[in-house]
Amino acid sequence: MSGTLADKYDFKVAEADCQESWKRLNTYAWDATAPKSESYIIDTPPPTVSGYLHMGHIYSYTQTDLTARYMRMAGRNVFYPIGFDDNGLPTERLVEATRKIRATDMSREEFVAICHEVVQQSEEDFRKLFRSIGLSVDWAQEYQTISPTSMKLSQMSALDLFKKGHLYRTWQPTLWDPVDRTALAQAEVVDKEVASSMWELAFGLEGGGEVVIATTRPELLGACCALFIHPDHPKAAGLLGRNAISPLFQVPVPILADERADPEKGTGIVMCCTFGDTTDIEWWREHKLPTRVILDKNGRLTGLERIGASADWPSLDQDSAQAAAAELTGLKVNAARAKTIELLTARDLVRGSTAVNRMVPSAERSGAPLEILVTPQWFVRVLDKKDDLLKIGSEIAWYPPYMQVRYDRWVENLKWDWCISRQRYFGVPFPFWYSKRPGEEGKVLFADVADLPVNPLTDLPRGYTADEVEPDPDVMDTWATSSVSPQLNSRAVAPGFEVDSERHDKLFPATMRPQAHEIIRTWAFYTIVKSYLHEGKAPWKDITISGWCLAQDRSKMSKSKGNVVTPDSLLERYGADVVRYWTATSRLGLDTALSEDVLKVGKRLTTKLWNATRFVSMQLKDFDGAPSTPKEDVAKGIIVCPVDQWILTKLSEVVRGAGELFEKYEYADALHLIERFFWNDFCDNYLELSKGRAYSDVGNEAEHRSAQYTLWHCLETMLRLFAPTLPYMTETLYQGLFPGRSPSIHNRGNWPKADDQFASASAELAGEACVGILAAVRKAKSDRQVSLKTPLAWLRVAPGATPPDGARELVASITGDLAATVGASLVEWADSLEGETVPTQDSAFALQLEFAAPAQE
RNA sequence: GGGCGCGUAGCUCAGCGGUAGAGCACUACGUUGACAUCGUAGUGGUCACAGGUUCGAUCCCUGUCGCGCCCA
């Protein structure tokens, strides 16, 4: 019945063959005709086109694939797409770096065309990697966030949010990256520790005297609009209500009380500039302070000539103010800081300075220290929806559960609405224009849904001429589009904003979102925001959070440390199944060190599985039975031996346990269970115990058949249990040993069914007795340093300290297999034994044995 | 400064109220007719530290220390 297997497994050949056949058979295709209730919909992370592939990609994507493969085999109609997040600033930076160009040095069209070129190559690299690691994605569902359809859906999202009042455009203080010259969102900010100085500067006081403030940013002096002092500060009483006069510019500013002015820090008196940090913004809002912006989009000082030129920005000495302004205008922030100190020192107005380390908010991508500028930007309203967002977050099942805390904390601590406009090029344009028609100047004109996607720079809103509109020049941030990944798959964002409403009904919300923990505050959060604002519901039922792949020493892999292991090198050395094995032993949420040891264990497991299967295939060479299920084959009286029924009972426990664990995303525990069964129960014990009957050395024909049927069931079931983890080898073995049984082991519904398994408490007892006695005999032989093959003249089994019920009958039922396995001519029961005995580990039995006389040389 | 997680055998990690577990590594023995990429057995831990709750704590609580991440 069985096919033939090569002596050695060649993973390269097997991987190529399997990939070819899976593609030909469409093994992983989603069935669009099946009802939604059968679906398992995965909202796969579209990897950022970053130019290089790392172990993190393999690690987290394979974790997802383990679940995807299980769910498919367990009968779900799995929707498992892959996307590429190719739009936005990350791609622009990649393009600028690899092609050594600047976006600003060429036309917008030219730059965008080059971006498209670069992402093609990068995406092909990803496809190749994902295929070789064996991801069971449905390639027909591939998407790009820059594709026309994605643009259309992303613009639909913007239109829907705008019409619902969740999207607004306003001039407001915005985090600004002076290197990339674009606005940023809160999530794109990282703090960098920078050595700096805390300067103490003397302000004048109206009516005479001086007040010393402390600041790390003296260059913003020109933008000063107030001083703040803690109400409990000893000097507060004498200062509050008076005006201070800024040095150099001689601008009178009020001295105000506020608890956020830390009396322990510096002099305890601080200047508020529009804008130095987020506290300045809060003070500016609450105290309705004037707006004095002295930085431009490149981070240079500008606009200082306005000091003293108007009533809301007065100076007591305009000549002095303009002299200082002339020295500072056009300098970048750092140079302006040095110059300001120089000017102040010359006037003897610096009262002191201390070296401090300060945390500077910087751009995650460019690394530049951020400024706060007042620019027109598009914002998604989130600050007024914190409670709703927390509630939606709690409706999603988080794996592991504590990851939800990260989401909750992020939502609770939001300080900005979500800024989604970027002053860049390669991205989805806003489908908006501003009217120049007399009477409605500045009115927002939006595109008709039917016309999407639009490029406002070249297209026009219906009913308007080019002269009558001002196009919105910005593009959306990458996250504004990738945050609708569930909807990019389902092809609609909300009623009235649909590309394919039937598909949307089938695919939204999704079942599961896999992603890494560091992007909970970005990707998970934004996706929840959008889903909530569009349709009032959570985008997924479950979210599974993966950790990171660390280097062997548990440090972060990084090029600078030189500890980067590339996916290709591992796949080349070990093959995909072994690399997957390493991933499959890691749990959700935890960072995992790449381990050569674990890879070796995986290698050994695949070798063992190959050899065990080959061995069983030998035992089945003459097998002409027609197995149905373990349960039925026992019922039919085919599988009769206690040891056979015992291993099937153990198998049934593994089938049930592994399924339950996979359902909870505990694939590592499931694998462990399967592996232990395979190695310890099946290989170490069952194969040895059944050998005699399998070879027909002992027992009758019925017992031989019983062993064959059992071997067949165990192997056929185990291969399916291993299939999610080791897709290539199990497929190769399955097709080799059970040809024609299923086009692919990975087919939908091919997971072993718990109801088909056989279990018997009495068979389990008999098997345990057998294994216990076998282990004791092995130990006895090992203690005497003889081969386990050494024959015994006889073995006597008596009740131990805690014998099982019906011990005698139990032992009688297994003497045949036991005698064959321990190599005893005679195994007999004794009600009690005189002299020295060997107990089994569980004290169920006590043994005596006699070695056979050595064979004559 | 706040939040979250982690600290268990040499290493990687499970366990989480009732006599410490696995794999790797190490040691000894064994060529048994699938596999020496094997088998059998063994060495190895005051479960970070200090208090508390409990009949009993690796497990619960509090604090301390160390590590990582996230956020101020």
Side-chain angles (χ1 to χ4, degrees), chain A residues 5 7-9 186-187 189-191 260 262 264-265 277-279 358-361 398 400-415 516-522 525 545 547-548 550 552-556 574 578 581-582 585-587 589-620 666 668-669 671-673 675-676 679-680 682-685 687-688 690-692 694-695 697 711 715 774-791 820-823 841:
Chain A
L5 296 170
D7 283 353
K8 295 257 187 239
Y9 176 63
Q186 188 181 345
V189 180
V190 292
D191 286 329
R260 279 161 286 189
D262 183 352
E264 304 295 317
K265 205 166 152 187
D277 60 23
T278 52
T279 315
R358 109 193 142 92
M359 300 307 280
V360 180
W398 296 73
Y402 60 78
M403 288 296 179
Q404 190 191 341
V405 177
R406 295 206 191 183
Y407 170 85
D408 290 349
R409 295 286 173 271
W410 176 254
V411 172
E412 285 162 6
N413 292 315
L414 284 171
K415 294 214 163 27
H517 53 59
E518 84 279 12
I519 50 173
I520 290 173
R521 70 199 167 98
T522 48
F525 168 67
I545 306 291
W548 287 349
L550 304 176
Q552 300 251 27
D553 61 358
R554 292 203 64 82
S555 69
K556 239 184 196 174
Y574 290 102
V578 173
Y581 175 86
W582 163 72
T585 56
S586 70
R587 304 168 124 73
L590 297 175
D591 297 342
T592 301
L594 183 61
S595 163
E596 205 75 30
D597 284 347
V598 175
L599 288 163
K600 282 181 188 149
V601 173
K603 187 81 193 168
R604 285 223 311 262
L605 174 66
T606 55
T607 305
K608 184 89 173 172
L609 184 59
W610 185 264
N611 287 328
T613 306
R614 271 179 54 230
F615 176 64
V616 172
S617 77
M618 283 167 47
Q619 310 287 20
L620 296 178
E666 290 173 11
D669 289 339
L671 172 60
H672 193 242
L673 203 62
E675 206 181 344
R676 295 281 49 95
W679 207 294
N680 300 135
F682 185 73
C683 289
D684 290 348
N685 289 322
L687 283 185
E688 296 303 328
S690 65
K691 251 180 197 171
Y695 278 119
D697 289 349
L711 287 166
L715 196 70
L774 174 60
V777 174
R778 281 170 171 166
K779 183 161 164 45
K781 289 183 176 178
S782 178
D783 286 347
R784 282 173 218 213
Q785 304 193 348
V786 298
S787 162
L788 297 181
K789 185 73 177 162
T790 311
T821 310
V822 303
Q841 204 186 6

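This one's a predicted model, so the numbers in the text were calculated from it and none came from an experiment. Below, read A as the first sequence line, B as the second, and so on, with proteins coming before strands; counting in each chain starts at 1.
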For atom CD of Gln404(A) and atom P of rG5(B), their distance in whole Å: 13 Å
What are the atom names and distances for every N/O pair under 3.5 Å that joins the protein to nucleotides 2-4 of chain B?
unit_1, atom_1, unit_2, atom_2, d
rG3(B), O2', Arg409(A), NE, 3.2

Please report, rounded to the nearest Å, how far the C1' atom of rA34(B) is from the OH atom of Tyr9(A). 18 Å
Check the distance between rC13(B)'s P and Glu675(A)'s CD and give it to me in whole angstrom. 17 Å
For Gln785(A) and rU27(B), give me the distance from atom CD to atom C1', rounded to whole Å. 13 Å
Find which nucleotide of RNA chain B each of Ala775(A) and Arg784(A) is nearest to by heavy atoms, and output the residue with the more 5' nucleotide. Arg784(A)
At 4.0 Å (heavy atoms only), tell me whether Glu518(A) reaches a base, stays on the sugar-phosphate, or touches nothing. nothing
Under 4.0 Å, counting only non-hydrogen atoms across every strand here, what does Asp669(A) touch: a base, just sugar-phosphate, or nothing? nothing
Classify the nucleic acid contact of Trp679(A) as base, sugar-phosphate or nothing, counting any heavy atom under 4.0 Å across all strands shown. sugar-phosphate
Taking rC26(B) as the reference, what is the distance to rC35(B) when you measure between their C1' atoms (whole Å, please)? 23 Å
Expressed in whole Å, how much space separates the C1' atoms belonging to rG39(B) and rG33(B)? 15 Å
Check this for me: does the side-chain of Lys789(A) come within 3.5 Å of the base of rG33(B) through a donor and an acceptor? yes
So what does Ser595(A) touch, heavy atoms closer than 4.0 Å: a base, only the sugar-phosphate, or nothing? nothing
rA48(B) to rC16(B) separation - P atoms, rounded to the nearest Å: 16 Å
Contacts of Leu788(A) and Arg587(A) projected onto RNA chain B by closest heavy atom; the upstream (5') one is Arg587(A)
Contact class for Leu687(A) (heavy atom, under 4.0 Å): base, sugar-phosphate, or nothing? base
Can you tell me the Watson-Crick or wobble partner of rA34(B), both distances under 3.5 angstrom? none
Under 3.5 Å: donor-acceptor pair, side chain of Lys781(A), backbone of Val786(A): no
Got a list of protein N/O to nucleotides 18-25 of chain B N/O distances below 3.5 Å?
unit_1, atom_1, unit_2, atom_2, d
rC24(B), OP1, Arg604(A), NH2, 2.6
rC24(B), O2', Asp597(A), OD2, 3.3

Take atom NZ of Lys779(A) and atom P of rG39(B), then tell me their distance rounded to the nearest Å. 18 Å
Does atom CD (Glu596(A)) have a neighbourhood of more than 12 heavy atoms from anything else shown, all under 6.0 Å? yes
Report yes if a side-chain nitrogen or oxygen of Lys608(A) is closer than 4.0 Å to either non-bridging phosphate oxygen (OP1 or OP2) of rG39(B); otherwise report no. yes
According to the Watson-Crick and G-U wobble definitions, with both distances under 3.5 Å, which nucleotide is paired to rC13(B)? rG21(B)
So, using side-chain contact (heavy atoms from CB on, under 4.5 Å) as the criterion, who are the partners of Glu688(A) when residues are at least two apart? Lys691(A), Arg778(A), Thr821(A)
Assign Asp697(A) to base, sugar-phosphate, or nothing according to its heavy-atom contacts below 4.0 angstrom with the strands shown. base
Tell me: CD of Glu412(A) to P of rC70(B), nearest whole Å? 19 Å
Between Tyr574(A) and Trp582(A), ring centroids under 6.0 Å: no
